[in-house]
Amino acid sequence: MMKLEGALFPWRFRLVVGLLGIMVAAIAWRIIDLQVVDRAFLKGQGDARSVRHIPIPAHRGLITDRNGEPLAVSTPVTTLWGNAKEMQTAKEKWPALAAALGQDPKALAERLEAQANKEFIYLVRGLTPEQGQAVLDLKVPGVYGIEEFRRFYPAGEVTAHMVGFTDIDDHGREGVELAYDEWLAGVPGKRQVIKDRRGRLIKDVQVTKNAKAGKPLALSIDLRLQYLANRELRNAIIENGAKAGSLVIMDVKTGEILAMVNQPTYNPNNRRNLQPAMMRNRAMIDVFEPGSTMKAISMSAAIETGRWKPTDTVEVYPGTLQIGKYTIKDVSKSEGPVLDLTGILINSSNVGMSKVAFDIGGETIFRLAQKVGLGQDTGLGFPGERVGNLPNYREWRKAETATLSYGYGISVTAIQLVHAFSALANNGRLAPLTLIKTDKAPQTTQVLPEAVAKTMQTMLQQVIEAPRGVFRAQVPAYHVGGKSGTARKTSVGTKGYAENSYRSLFAGFGPMNDPRYAIVVVIDEPTKAGYFGGLVSAPVFSKVMSGTLRLMNITPDNLPATQQANAAPVVPLKANGGRG
Ligand code: 59J
């Protein structure tokens with residue numbers, strides 16, 4: 001075969017072998033050339049053109065109030081960054097850049113020179129896309145843009161504690177923004193790009209993963225009530241020269257928090273000059289002794305035993321009661337030496353309450369307090385939320401029993417206190433608390449017999465409407481009920497109570513014909529016009545409850561007879577004015 005072919009085409013065979021030989025030699029030379037001679041050059045080129053993945057920001061979910069009013073909105077912004085190394089090649093363009101950025105040209109030049117070997121520096125973050133494009137249109141070498149989102153809080157300081165805020169990288173840092181971060185955040189996407197060594201985009205290759213937008217969140221709060229609560233609390237803090245305060249409004253039937261405000265507050269859109277005191281969501285993260293507001297719970301426990309009814313009496317004379325070396329004192333002189341249970345609440349008698357408590361035992365009060373959520377986990381999972389403390393003693397001696405019955409030796413948050421009162425308002429049924437709008441009726445727990453809750457509603461209405469009652473808590477056109485409290489603050493450092501610093505409290509609900517809203521007002525260290533809860537906090541309750549009932553279109557249950565006549569439908573005028 002070989003011989004035959006060789007004999008037939010000897011010149012062709014030699015030609016092919018020769019060509020192959022030349023090709024092999026050329027390839028070998030090329031390999032040596034690439035691997036040895038040009039190695040350094042090519043390696044540099046390879047590094048310079050590399051595939052990178054850059055994140056595509058995910059749109060963060062919108063936070064709204066219960067009626068769809070925006071509370072936290074993500075808007076697209078452009079962040080401009082510079083490759084300072086590259087920027088050194090076009091210093092003549094810096095003044096125009098500074099002008100477009102609204103920065104001092106000298107300061108910018110100094111900064112760029114000081115960081116001349118940095119390949120990434122922020123020039124300005126969070127411009128509107130139009131502003132950003134205007135700067136990019138200058139085509140300054142080394143200046144690039146990234147698309148980001150920035151959070152804006154339309155209601156500012158009014159919803160600050162509740163909503164919280166995100167950090168500059170759009171991660172939740174406080175409040176609902178933090179508690180629901182995963183729900184709101186979404187998942188960033190990825191874009192494959194080819195960039196050169198200086199970070200210049202050479203080619204936008206493809207989107208390898210689409211960004212997944214975060215989910216929207218409708219809170220339980222009603223922005224109108226939030227504004228109302230904030231305004232009235234702020235005014236009261238100023239008028240009373242108080243240090244701080246909280247106010248919570250709850251829908252007792254659904255468990256929804258309709259408003260939650262604190263003073264002092266802050267503007268989440270401008271967080272420069274923030275002091276830690278402004279950032280505290282006190283209604284959930286500060287605990288306090290509930291003082292006499294606790295008597296509403298202790299009295300409920302007494303009536304639930306069946307051993308006591310509202311008209312049963314107790315001797316409170318002479319306004320003090322000695323328990324070992326501990327003296328129980330009534331602050332105000334009671335209307336008589338003997339008070340019935342309603343009278344104990346109206347006169348806020350610590351002595352009377354203690355005597356009832358000795359009869360039913362501290363543990364009875366403890367158990368109900370526990371059931372209505374005092375000193376218990378709310379399940380809300382709000383960042384920094386406190387649980388408070390409801391101590392259980394192996395042996396409830398008189399001192400512990402008395403102290404708990406009128407609200408000391410226990411610590412609660414404002415939100416727990418409003419929750420406890422909601423059980424009385426909702427006929428003994430406790431709805432779990434929520435900060436999220438709910439559409440279906442919640443599963444409630446009967447924590448107190450309906451009849452007992454109804455008895456308490458009547459008594460707490462008397463606390464406000466009786467001749468010696470807390471008239472400042474009254475609401476025009478509606479019947480409401482509640483309990484004031486004035487608690488000496490524990491003084492820091494010592495074990496005892498401060499002589500001159502108080503917490504003024506009010507907890508109540510309405511309207512009494514079908515209680516719907518519970519409100520708690522806490523005013524911390526009032527220093528001007530007195531400090532009694534009935535004086536300082538009750539008027540705030542009145543104004544906020546009044547506004548709430550009106551805004552929510554609740555039919556008045558206490559109209560004077562003449563107004564009721566007016567409210568009745570009148571014969572409408574005929575369209576032509578009655579002329580035929
Ligand atoms: C009080 C307390 C402190 C703790 C006392 C208020 C006790 C007590 C030890 C002295 C002012 C004051 C455990 S006052 O809340 O009784 O607003 O409707 O702070 O009693 O034993 O100069 N409330 N307040 N007591 N401590 N320890 C009354 C009452 C209450 C009122 C006013 C008058 C106290 C009508 C409180 C209100 O019901």
Side-chain angles (χ1 to χ4, degrees), residues 236 240 242 245 288-299 316 319-335 339 341-358 362 365 389-391 393 396-412 417 459-460 462-474 481-491 494-508 520-527 529-542:
N240 291 287
F288 56 88
E289 290 175 301
S292 291
T293 57
M294 180 68 189
K295 287 175 185 154
I297 306 303
S298 309
M299 206 57 95
V316 296
T320 60
L321 184 63
Q322 196 69 33
I323 304 294
K325 57 180 182 23
Y326 169 67
T327 312
I328 299 168
K329 287 190 197 127
D330 285 349
V331 176
S332 336
K333 194 173 145 41
S334 289
E335 51 192 316
L339 295 174
L341 297 193
T342 307
I344 289 174
L345 294 180
I346 294 170
N347 291 268
S348 209
S349 170
N350 297 336
V351 171
M353 190 70 249
S354 299
K355 286 188 172 174
V356 174
F358 297 152
I365 300 173
N389 180 37
L390 173 67
Y393 297 99
W396 283 87
R397 285 170 303 187
K398 283 194 165 180
E400 287 94 40
T401 301
T403 312
L404 176 67
S405 77
Y406 63 95
Y408 298 89
I410 166 183
S411 62
V412 303
L417 190 57
M459 291 170 83
L460 291 172
Q462 287 303 300
V463 169
I464 291 175
E465 296 183 357
R468 284 177 47 126
V470 188
F471 63 89
R472 289 183 182 86
Q474 288 175 10
K483 181 73 193 85
S484 63
T486 311
R488 284 180 141 148
K489 288 179 67 172
T490 45
S491 55
T494 73
K495 284 205 305 179
Y497 288 83
E499 265 315 312
N500 253 315
S501 78
Y502 304 88
R503 195 174 272 111
S504 305
L505 306 167
F506 195 91
V520 160
V521 181
V522 181
I523 295 186
D524 199 7
E525 291 188 29
T527 57
Y531 51 80
F532 287 162
L535 188 71
V536 172
S537 293
V540 183
F541 168 84
S542 165

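Whatever order the structure lists them in is the order used to number ligands and atoms, beginning at 1.
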Between S411 and E289, does any side-chain donor sit less than 3.5 Å from a side-chain acceptor? no
Who are the side-chain hydrogen bond (donor to acceptor under 3.5 Å, both in side chains) partners of N347, not counting sequence neighbours? E335, R468
Is there a donor in the side chain of S348 and an acceptor in the side chain of S292, or the other way round, less than 3.5 Å apart? yes
Distance dump, ligand 1 polar atoms to protein, N/O, under 3.5 Å:
unit_1, atom_1, unit_2, atom_2, d
ligand 1, 15 (O), S292, OG, 2.7
ligand 1, 15 (O), T486, N, 2.8
ligand 1, 15 (O), T486, O, 3.2
ligand 1, 16 (O), N350, ND2, 3.0
ligand 1, 17 (O), T486, OG1, 2.5
ligand 1, 17 (O), G533, N, 2.9
ligand 1, 17 (O), G534, N, 3.1
ligand 1, 18 (O), S484, OG, 2.4
ligand 1, 19 (O), Y408, OH, 2.9
ligand 1, 19 (O), R488, N, 2.8
ligand 1, 21 (O), Y406, OH, 2.8
ligand 1, 23 (N), T486, OG1, 3.4
ligand 1, 24 (N), T486, O, 2.9
ligand 1, 25 (N), Y408, OH, 3.1
ligand 1, 38 (O), S292, OG, 2.3
ligand 1, 38 (O), S348, OG, 2.2

Among residues at least two apart in sequence or on other chains, which ones pass side-chain contact (heavy atoms from CB on, under 4.5 Å) with A402? I328, S354, F358, Y406
Run the salt bridge (Lys or Arg N to Asp or Glu O under 4.0 Å) test against K398 and tell me which residues pass, sequence neighbours left out. none
Check the angle between the aromatic planes of Y502 and Y531 and answer parallel, tilted or perpendicular using the 30° and 60° thresholds. parallel
